[in-house]
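The structure appears right after this line, and notes come after that.
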Amino acid sequence: MPTSKQARKRMRQNERRRAANKTARTAMRSAIKKVLQAETAEGAQKAVPEAMKRIDKAAKKSVIHANAAARYKNRLARRIAAK
């Protein structure tokens, strides 16, 4: 356990940030899965904007790197084009 006051505060901040990052990452991954597991091509097309939005938000909040976001979006677009 941290002993100094600033270390205790840093621990609290890290815990809050970890929870927020996890929420954003989970939302992003769920949106991507919704696109990939869509039964029809139309269903996948409808889910794409939400997935792209979640990916962009995760990158904006530095949950994932900007290049990782671009990679996710590219892979997703290629998978949709193949359907």
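Nothing here was measured: the structure is a model prediction, and the numbers come from that model.
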>> Nearest 0.5 Å, please: how far is CD1 in Ile80 from CG in Leu36?
In response: 6.5 Å
> What's the shortest heavy-atom distance between Ala51 and Leu76, and which atoms?
Replying inline: CB-CD2, 3.7 Å
>> Looking at Glu39, I want to see if its CD is surrounded by more than 12 non-hydrogen atoms of other residues, nucleotides or ligands under 6.0 Å.
In response: no
> Any salt bridge between Arg12 and Glu15, counting N to O under 4.0 Å?
Replying inline: no
>> Using 0.5 Å steps for rounding, measure from the CZ atom of Arg17 to the CZ atom of Arg10.
In response: 6.0 Å
>> Suppose we screen for side-chain hydrogen bond (donor to acceptor under 3.5 Å, both in side chains). Which residues come up paired with Gln37, at least two apart in sequence or across chains?
In response: none
>> Could you check whether Lys46 pairs with Glu42 (Lys NZ or Arg NE/NH1/NH2 to Asp/Glu carboxylate O, under 4.0 Å)?
In response: no
>> As an exercise, state the distance from NZ of Lys61 to CG of Asp56, rounded to the nearest 0.5 Å.
In response: 12.0 Å
> What closest approach, in Å, do Val63 and Ala24 show between heavy atoms, and which atom pair accounts for it?
Replying inline: CG2-CB, 3.9 Å
>> On a heavy-atom basis, which atom in Ala38 and which in Gly43 lie closest, and how many Å separate them?
In response: CB-C, 3.8 Å
>> Quick check for you: to the nearest 0.5 Å, what is the distance between Arg79 atom CZ and Asn74 atom CG?
In response: 12.5 Å
>> Within this structure, what is the OG1-CE distance for the pair Thr3 and Met1, rounded to the nearest 0.5 Å?
In response: 10.0 Å
>> For Ala69 versus Ala59, what's the shortest heavy-atom pair and its separation?
In response: CB-CB, 3.6 Å
> If you measure from CE on Met28 to OG1 on Thr23, what distance do you get to the nearest 0.5 Å?
Replying inline: 12.5 Å
> With no hydrogens and no angle check, is any side-chain donor or acceptor of Arg54 less than 3.5 Å from a backbone partner on Arg29?
Replying inline: no
